[in-house]
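A, B, ... follow the sequence lines: proteins, then strands. Residue 1 opens every chain.
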Protein chains: 2
Amino acid sequence: MKRTKNEKEAEVLEHYLTSRHLKHSKQRKIILRFFLNAGKHVSPDELYRMVQKEYPRIGYATIYRTLRLLCVSGLSRELKFQDGVARFEPQYGTAHHDHLICTKCGRLIEVMDPEIERLQEKLTKAHGFYPETHRMELYGICRRCKK
Amino acid sequence: MKRTKNEKEAEVLEHYLTSRHLKHSKQRKIILRFFLNAGKHVSPDELYRMVQKEYPRIGYATIYRTLRLLCVSGLSRELKFQDGVARFEPQYGTAHHDHLICTKCGRLIEVMDPEIERLQEKLTKAHGFYPETHRMELYGICRRCKK
DNA sequence: CTCTATGCAAAACCTTTGCATAGAA
DNA sequence: TTCTATGCAAAGGTTTTGCATAGAG
């Protein structure tokens with residue numbers, strides 16, 4: 001259930017703030033809510049516009065600062081695709097995945113292949129690295145655009 | 001042999017310029033030379049500084065314009081890692097590869113795993129996409145930094 | 001009360017663009 | 001000559017920062 005899920009994320013944020021003696025401001029709760037309801041991978045600017053409509057007093061700086069906060073508290077991760085624009089997506093309770101992107105229409109599909117994951121780890125270790133994360137983007141033309 | 005290799009790339013550029021009725025300027029040759037000798041993945045700024053030392057009259061704009069030219073003529077490809085800085089690497093005569101990056105020291109290793117490549121293509125097709133390119137970055141801690 | 005967070009505007013980046021002039025073709 | 005390329009500076013777009021004030025603890 002959606003509501004419950006967002007509450008869980010609100011809790012994570014609360015806990016993070018409390019543990020660091022940071023403040024539970026209204027803005028942070030508002031921005032978290034918009035961020036979670038925005039769906040996938042918003043840019044700071046997109047998020048700013050959405051929030052603006054209801055809360056015109058909230059500025060860019062707070063959006064940026066809060067997105068960073070969400071990243072360090074584990075609720076968001078930052079993506080950078082080839083267009084260079086920073087995008088953020090919720091990641092709490094979300095399984096790891098990569099992205100398949102249509103170069104014509106921009107359509108974005110989340111993908112995950114355990115076999116690829118396994119080989120990535122193996123390859124990393126083969127070079128003496130301790131694996132941390134990875135990102136993989138597959139670019140192509142989607143079914144609709146191919147026609 | 002290095003010299004021969006650079007000559008081959010110079011030829012590619014010449015050919016591209018000629019075919020589009022573009023001009024074979026001194027700056028383009030100079031920047032190509034520095035670009036090829038720079039080693040892997042330079043940022044526009046790094047390239048600018050290198051060129052500056054010998055040719056102080058060459059400006060940022062020309063660096064940027066030439067890097068774009070090198071990309072469209074197939075001599076360079078643009079990379080964007082998590083730090084968001086654009087980097088360019090020579091790609092003529094270079095086999096496709098991905099990157100393994102140390103999150104502590106920034107060390108960068110080129111990697112390629114045919115089995116991963118095969119699975120990436122398969123995964124793309126499984127979603128009805130016609131595969132074009134992909135990018136994969138593996139992040140971890142390298143042997144030296146682990147100690 | 002104390003001290004962090006906010007809002008605003010300015011600054012800091014990185015990259016692109018307009019325009020007059022240099023220089024290939 | 002004709003036109004593209006260059007150099008410079010200004011403009012664009014995105015993200016960060018300084019500072020006075022608001023507001024949470």
Using the ring of each side chain (for Trp, its six-membered ring), is A:Tyr55 parallel, tilted or perpendicular to A:Phe34, with breaks at 30° and 60°?
perpendicular

I want to check one thing: is the phosphate of [N], taken as OP1 and OP2, less than 4.0 Å away from some side-chain N or O of [X]?
{"X": "B:Gln27", "N": "D:dG7", "result": "yes"}
{"X": "A:Arg28", "N": "C:dA5", "result": "yes"}
{"X": "A:Tyr64", "N": "D:dT16", "result": "no"}

Atom [atom1] of [X] and atom [atom2] of [N]: how far apart are they, to the nearest Å?
{"X": "A:Lys29", "N": "D:dG23", "atom1": "NZ", "atom2": "C1'", "value": "13 Å"}
{"X": "A:Tyr48", "N": "D:dT14", "atom1": "OH", "atom2": "C1'", "value": "14 Å"}
{"X": "A:Leu47", "N": "D:dT15", "atom1": "CG", "atom2": "C1'", "value": "15 Å"}
{"X": "A:Leu13", "N": "C:dA5", "atom1": "CG", "atom2": "C1'", "value": "13 Å"}
{"X": "B:Tyr60", "N": "D:dA11", "atom1": "OH", "atom2": "C1'", "value": "17 Å"}
{"X": "A:Phe88", "N": "D:dT14", "atom1": "CZ", "atom2": "P", "value": "13 Å"}
{"X": "B:Leu69", "N": "C:dT15", "atom1": "CG", "atom2": "C1'", "value": "17 Å"}
{"X": "A:Ile63", "N": "C:dA5", "atom1": "CD1", "atom2": "C1'", "value": "14 Å"}

Between B:Arg68 and B:Ser25, name the one whose nearest nucleotide on DNA chain C is closer to the 5' end.
B:Arg68

Residue pair A:Ile31/B:Pro44 against DNA chain C: nearer the 5' end by closest nucleotide is A:Ile31

Are any of the side-chain nitrogens in A:Glu11 or A:Lys8 under 4.0 Å away from the carboxylate oxygens of its partner?
no

Residue whose closest nucleotide on DNA chain D lies nearer the 5' end, A:Lys23 versus B:Ile58:
B:Ile58

Closest nucleotide of DNA chain D for A:Lys26 versus for B:Arg57: which of these residues is on the 5' side?
B:Arg57

Donor-acceptor side-chain pairing of A:His134 and A:His96 below 3.5 angstrom:
yes

Closest nucleotide among D:dG7, C:dC8, D:dG25 to the B:Ala61 side chain
D:dG7

Side chain of A:Arg65 only, please: which of D:dG25, D:dT17, D:dG7 is the nearest?
D:dT17

Any sub-3.5 Å donor-acceptor pair from A:Glu46's side-chain atoms to A:Ser43's backbone N or O?
yes

Measure from the side-chain N and O atoms of A:Thr66 to the backbone N and O of A:Ile63, and report whether any donor-acceptor pair falls under 3.5 Å.
no

